[in-house]
Amino acid sequence: MLSLDEWYKSLPIVTRAYVTMAFLTTAGCALEIITPFNVYFNANLVLKKKEVWRLVTNFFYFGNLGLDFVFHMFFLLKYCKSLEEGSFRGRSADFLWMLLFGGCLLTCLAPFVNIQFLGSSLTFMMVYVWGRRHQYVHLSFLGIFNFTAPYLPWVLLAFSLMLGSSPVVDLMGMAAGHVYYYLEDVYPRISGRRPLKTPALIKMLFPPEEAVFV
């Protein structure tokens with residue numbers, strides 16, 4: 001059985017970095033080292049006061065340390081890790097580019113729907129992409145009914161609505177996930193072009209990885 005340190009080191013690089021920043025940011029707010037007001041997204045503060053860190057930090061805050069935080073961290077860790085070790089195996093640069101692309105889309109949408117923290121939406125984007133790339137995986141919701149992976153985001157959306165949560169955050173993530181999935185998985189097959197090719201600058205951030213043949 002792996003120790004906590006061994007398990008942490010076994011996580012793929014992008015997943016490890018994201019989960020670490022999410023935990024540290026959320027815990028820092030809970031311990032009042034920083035406050036959510038220091039990290040939330042506000043377009044006016046970014047443009048007028050040059051507080052550009054808000055473009056990034058808002059993705060790392062997941063609310064108070066409680067059941068909701070545990071729920072979000074579980075899904076973040078599960079599907080972030082599954083994607084990076086699965087369809088992005090050996091291509092961490094491409095995975096990071098997916099997150100950056102999704103983050104940019106969500107940031108553009110946020111001012112129109114008044115959302116200040118986009119971490120949950122980005123997690124939902126990963127769930128959507130994972131479901132699309134595992135179309136024949138069978139899942140079960142609380143042992144009540146079975147469904148295939150592409151329906152997972154919709155099941156989670158329905159569950160959120162039952163708990164009284166706003167659907168906007170989840171729907172934004174699903175929209176970003178669908179745009180990425182279409183441009184990366186569907187459009188190249190029908191056009192022969194890949195518009196979301198990972199920039200060389202992003203690839204330079206990672207050491208050479210072994211080729212993976214699918």
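As a basis for the values below, the full set of heavy atoms in this structure was taken, side chains included, without hydrogen atoms, waters or symmetry mates.
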Query raised in the report: Transitively linked via ILVMFWY side-chain contacts under 4.5 Å: Leu96 with Met204?
Result: no
Query raised in the report: Where is the tightest heavy-atom contact between Leu99 and Met126, given as atom of each residue plus distance?
Result: CD2-SD, 3.8 Å
**Report entry** Heavy-atom closest contact (Pro12 atom, Glu85 atom, distance)
**Finding:** CD-OE2, 3.5 Å
Query - From Trp130 atom CH2 to Phe75 atom CZ, the distance as rounded to the nearest 0.5 Å - result: 10.0 Å
Requested in this report: Report, as yes or no, whether the 6.0 Å neighbourhood of atom CH2 on Trp53 holds more than 12 heavy atoms from other residues, nucleotides or ligands.
Outcome: yes
Requested in this report: Indicate yes or no: at least one non-hydrogen side-chain atom of Met98 is less than 4.5 angstrom from one of Phe88.
Outcome: yes
Report task. Could you pull out the closest heavy-atom pair between Lys9 and Arg16, with the gap in Å? Result -> O-NH1, 3.3 Å
Query raised in the report: Considering only heavy atoms from C-beta outward, does the side chain of Val19 approach that of Tyr8 to under 4.5 Å?
Result: no
Query raised in the report: Same cluster for Met162 and Val168 if Ile/Leu/Val/Met/Phe/Trp/Tyr side chains link at under 4.5 Å?
Result: no
Query raised in the report: Does any non-hydrogen side-chain atom of Val186 lie less than 4.5 Å from one of Tyr181?
Result: yes
Report task. Only counting residues at least two apart or in another chain, list the ones meeting side-chain hydrogen bond (donor to acceptor under 3.5 Å, both in side chains) with Ser160. Result -> Asp170
Query raised in the report: Taking atom CZ of Phe23 as the centre, does the number of heavy atoms from other residues, nucleotides or ligands within less than 6.0 Å exceed 12?
Result: no
Query raised in the report: Are Leu122 and Leu55 connected in a single hydrophobic cluster, I mean Ile/Leu/Val/Met/Phe/Trp/Tyr linked by side-chain heavy atoms less than 4.5 Å apart?
Result: no
Query raised in the report: Any chance OH of Tyr151 has more than 12 other-residue heavy atoms, nucleotides or ligands included, within less than 6.0 Å?
Result: no
Requested in this report: Please confirm whether Tyr18 and Phe60 have ring centers closer than 6.0 angstrom.
Outcome: yes
**Report entry** Minimum side-chain heavy-atom gap Cys80-Phe95 below 4.5 Å
**Finding:** yes
Query - Full working for side chain to side chain contact (heavy atoms under 4.5 Å, CB included) between Met172 and Ile115 - result: CA-CA 10 Å; Met172 283 177 58; Ile115 300 294; 4.0 Å; yes
**Report entry** Cluster check Val169, Val39: I/L/V/M/F/W/Y, side chain < 4.5 angstrom
**Finding:** no
Query raised in the report: Closest heavy-atom contact between Phe147 and Ser140?
Result: CE2-C, 4.0 Å
**Report entry** Derivation of the side chain to side chain contact (heavy atoms under 4.5 Å, CB included) call for His138 and Asn146
**Finding:** CA-CA 7 Å; His138 290 269; Asn146 298 322; 5.6 Å; no
Report summary line: Closest non-hydrogen atoms of Ser92 and Ile13, given as atom of the first, atom of the second and distance, are OG-CG2, 3.7 Å
Requested in this report: Take the angle between the ring planes of Tyr61 and Phe117 and call it parallel below 30°, perpendicular above 60°, tilted in between.
Outcome: tilted
Query raised in the report: Nearest 0.5 Å, what's the CG-CE distance between Leu156 and Met174?
Result: 9.0 Å
Report task. Drop me the distance from Phe159's CZ to Leu152's CG, to the nearest 0.5 angstrom. Result -> 12.0 Å
Query raised in the report: With a 4.5 Å heavy-atom cut-off, do Arg91 and Trp97 have their side chains touching?
Result: no
Query raised in the report: Would a hydrophobic clustering, with Ile, Leu, Val, Met, Phe, Trp and Tyr connected at side-chain separations under 4.5 Å, put Phe62 with Val56?
Result: yes
Query raised in the report: Just wondering, do Thr57 and Met21 contact through their side chains at under 4.5 Å, heavy atoms?
Result: no
Requested in this report: Quick one: pull up CG in Leu77 and CG in Leu11 and give me the separation to the nearest 0.5 Å.
Outcome: 6.0 Å
**Report entry** Short side-chain donor-acceptor distance under 3.5 Å, Gln135 and Thr148
**Finding:** no
Query raised in the report: Can you check whether Phe41 reaches Pro111 side chain to side chain, under 4.5 Å on heavy atoms?
Result: yes
Query raised in the report: What's the shortest heavy-atom distance between Lys50 and Leu47, and which atoms?
Result: NZ-O, 3.3 Å
Query raised in the report: Between Arg193 and Tyr187, does any side-chain donor sit less than 3.5 Å from a side-chain acceptor?
Result: yes
Query raised in the report: Quick one: CZ on Arg54 to CZ on Phe59, what's the gap to the nearest 0.5 Å?
Result: 14.0 Å
Query raised in the report: To the nearest 0.5 Å, how far apart are NZ in Lys197 and CG in Leu183?
Result: 16.0 Å
**Report entry** Flag side-chain contact, heavy atom, 4.5 Å: Leu171 against Phe124
**Finding:** no
Query raised in the report: Does Thr107 have any side-chain hydrogen bond (donor to acceptor under 3.5 Å, both in side chains) partners at least two apart in sequence or in another chain, and if so, which?
Result: none
Query - From CA spacing to verdict: side chain to side chain contact (heavy atoms under 4.5 Å, CB included), Ile202, Leu100 - result: CA-CA 10 Å; Ile202 301 295; Leu100 292 174; 3.7 Å; yes
Query - CG/Asn64: more than 12 non-hydrogen atoms of other groups inside 6.0 Å - result: no
